[in-house]
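Treat the numbers as computed from the prediction; the structure is a model and nothing was measured. The residues of the chain are indexed from 1 along the displayed sequence.
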Amino acid sequence: MRAAEEDEADDYMSDSFISTLKDVRPGIPLARTVRESYQKEEKQKEINLKNKQKSIKEVEKEQRDTVLNVALGNENKGFALLQKMGYKSGQALGKKGNGIVEPIPLNVKTGRSGIGHDELKKRKREEDLENYRRKIHSMKHNEAKAAEDFRMRVKNKKEEFKLEGDLKKSQRACLQLDEQKSINFPREPWYWPDTCSNEEEEEESDEDIDKGEELSTLEKLQVLTSYLRGEHFYCIWCGTTYQDEDDLSSYCPGDTSEDHD
């Protein structure tokens with residue numbers, strides 16, 4: 001009895017294994033319905049396998065694009081109403097036919113952010129870009145200002161050196177011209193170069209020293225050149241002693257360095 005049951009089980013397993021095999025024997029064609037059913041099953045298996053490899057978003061997008069690419073038919077109530085009003089497929093909307101032809105595109109929101117978040121991000125990017133441009137403009141402006149300040153400092157330094165040189169030249173000329181007129185003491189201590197003796201320096205009053213220290217190099221130069229022109233008819237930039245005031249005013253271009261450039 002037990003042997004009979006084992007033989008029956010072996011026969012059942014053999015039949016199940018054989019039923020899973022594809023019949024490829026030559027000369028025995030499958031029925032059309034069986035072949036189509038087999039092909040449909042194989043195709044569905046391939047589709048299922050392909051869909052398993054795609055994400056849910058990709059599958060949803062493919063399904064959505066498939067539906068959107070299909071034109072509306074008479075089964076659509078809205079399209080049926082348009083046709084009753086004289087609309088034809090492919091015709092522009094509007095009484096004068098100047099409206100849109102294609103439907104308004106569908107923008108699907110796939111992210112999890114709230115409404116308006118994308119616009120906020122866009123506005124933030126624009127603000128960051130504008131701030132960056134302002135920063136670059138400010139940096140360029142500061143660099144240009146620093147360069148201009150440097151040029152002005154160099155220019156002022158050169159002008160200061162020139163003023164000091166003209167003042168020393170005037171002091172030497174004043175000393176020489178005063179001595180020619182037997183003037184033993186300068187009108188102001190700083191009119192002459194710093195060649196006074198210690199005894200003479202002690203005799204100088206504090207008031208005279210303070211007066212000289214209060215004046216700038218330019219002011220000293222203006223005062224001293226005025227003295228040379230009025231007392232000796234001498235111009236340091238011409239390097240000439242004129243005969244009188246009329247001769248000085250007639251042939252000297254002016255009483256400043258710029259007049260002689």
Side-chain angles (χ1 to χ4, degrees), residues 122-261:
K122 180 181 178 182
R123 188 163 60 250
K124 183 67 169 56
R125 287 195 299 269
E126 292 176 352
E127 291 177 356
D128 292 341
L129 180 60
E130 183 64 23
N131 291 335
Y132 176 75
R133 289 174 178 171
R134 290 178 180 176
K135 184 177 180 180
I136 294 297
H137 179 74
S138 178
M139 290 175 60
K140 290 182 178 179
H141 176 73
N142 292 337
E143 289 177 358
K145 187 175 183 301
E148 182 63 24
D149 292 342
F150 176 76
R151 285 193 293 269
M152 290 299 298
R153 287 196 301 270
V154 171
K155 181 180 178 182
N156 293 336
K157 194 171 184 179
K158 289 182 178 179
E159 291 179 351
E160 184 67 22
F161 285 155
K162 187 175 184 303
L163 290 174
E164 290 177 357
D166 290 343
L167 178 59
K168 290 179 180 179
K169 185 190 299 184
S170 300
Q171 289 172 333
R172 290 193 296 269
C174 184
L175 173 61
Q176 183 178 359
L177 294 173
D178 282 351
E179 287 179 345
Q180 290 177 2
K181 286 190 175 183
S182 300
I183 300 175
N184 297 324
F185 299 98
R187 180 173 295 185
E188 296 291 342
W190 52 267
Y191 273 29
W192 290 1
D194 189 14
T195 57
C196 299
S197 64
N198 294 333
E199 295 180 356
E200 292 175 338
E201 288 180 358
E202 292 177 357
E203 293 177 357
E204 292 178 356
S205 64
D206 295 337
E207 183 179 355
D208 292 337
I209 295 175
D210 294 340
K211 184 177 180 181
E213 290 179 350
E214 289 177 356
L215 298 176
S216 65
T217 303
L218 177 60
E219 291 171 338
K220 288 181 179 180
L221 179 63
Q222 290 173 342
V223 172
L224 187 52
T225 52
S226 178
Y227 169 78
L228 292 174
R229 295 172 70 87
E231 182 69 23
H232 302 290
F233 310 115
Y234 178 77
C235 174
I236 64 167
W237 296 291
C238 294
T240 304
T241 300
Y242 294 91
Q243 296 179 359
D244 51 31
E245 186 175 353
D246 292 337
D247 189 30
L248 175 64
S249 59
S250 298
Y251 295 100
C252 179
D255 58 355
T256 62
S257 175
E258 289 76 11
D259 296 334
H260 293 75
D261 292 339

Here the pair of heavy atoms bringing C252 nearest to C235 is SG-SG, 3.6 Å
Does atom CD (Q243) have a neighbourhood of more than 12 heavy atoms from anything else shown, all under 6.0 Å? no
I want to check something: taking the side chain as every heavy atom from C-beta on, are Q180 and Q176 in contact at a cut-off of under 4.5 Å? yes
Rounded to the nearest 0.5 Å, the NE2 atom of H141 sits from the CD1 atom of I136 at a distance of 14.5 Å
Return the minimal non-hydrogen interatomic distance between Y251 and Y242, and the atom names on each side. CB-CE2, 3.7 Å
Looking at every non-hydrogen atom in both residues, tell me the closest pair between E160 and T217 and how far apart they are. OE2-OG1, 3.2 Å
To the nearest 0.5 Å, tell me how far L228 CG sits from T241 OG1. 9.0 Å
One thing to verify: whether R123 and E126 come together as a salt bridge, which I'm taking to mean a side-chain N less than 4.0 angstrom from a carboxylate O. no
Evaluate the side chain to side chain contact (heavy atoms under 4.5 Å, CB included) criterion for residues E130 and E127: first the C-alpha distance (whole Å), next the side-chain angles of each, then the deciding distance (0.1 Å), finally the verdict. CA-CA 5 Å; E130 183 64 23; E127 291 177 356; 5.6 Å; no
Output all residues satisfying salt bridge (charged side-chain N to carboxylate O under 4.0 Å, His left out) with D149, sequence neighbours left out; order by chain, then residue number. K145
Salt-bridge contact K168-E164 (side-chain N to carboxylate O under 4.0 Å): no
Spacing of E188 atom CD and K220 atom NZ [to the nearest 0.5 Å]: 10.5 Å
When rounded to the nearest 0.5 Å, the distance separating CG of L221 from NZ of K169 is 10.0 Å
State, yes or no, whether a side-chain contact exists between L175 and R172 at a heavy-atom distance under 4.5 Å. no
d(S226 OG, Q222 CD) to nearest 0.5 Å is 9.5 Å
Is there side-chain contact between K158 and K155, with at least one heavy-atom pair below 4.5 Å? no
Would the number of heavy atoms belonging to other residues, nucleotides or ligands and lying under 6.0 Å from NZ of K181 be above 12? yes
Identify, with sequence neighbours excluded, every residue that meets side-chain contact (heavy atoms from CB on, under 4.5 Å) alongside Y227. C174, D178, I183, R187, Y191, L224, E231, H232
Could you tell me whether the side chain of D166 reaches within less than 4.5 Å of the side chain of I236, counting heavy atoms only? yes
The reported gap from OG in S257 to CG in D259 (rounded to nearest 0.5 angstrom) is 8.5 Å
Only counting residues at least two apart or in another chain, list the ones meeting salt bridge (charged side-chain N to carboxylate O under 4.0 Å, His left out) with D244. none
Test side chain to side chain contact (heavy atoms under 4.5 Å, CB included) on L177 and Y234 and set out the steps. CA-CA 9 Å; L177 294 173; Y234 178 77; 3.7 Å; yes
Taking the side chain as every heavy atom from C-beta outward, state whether L215 and W190 have any atom pair closer than 4.5 Å. yes
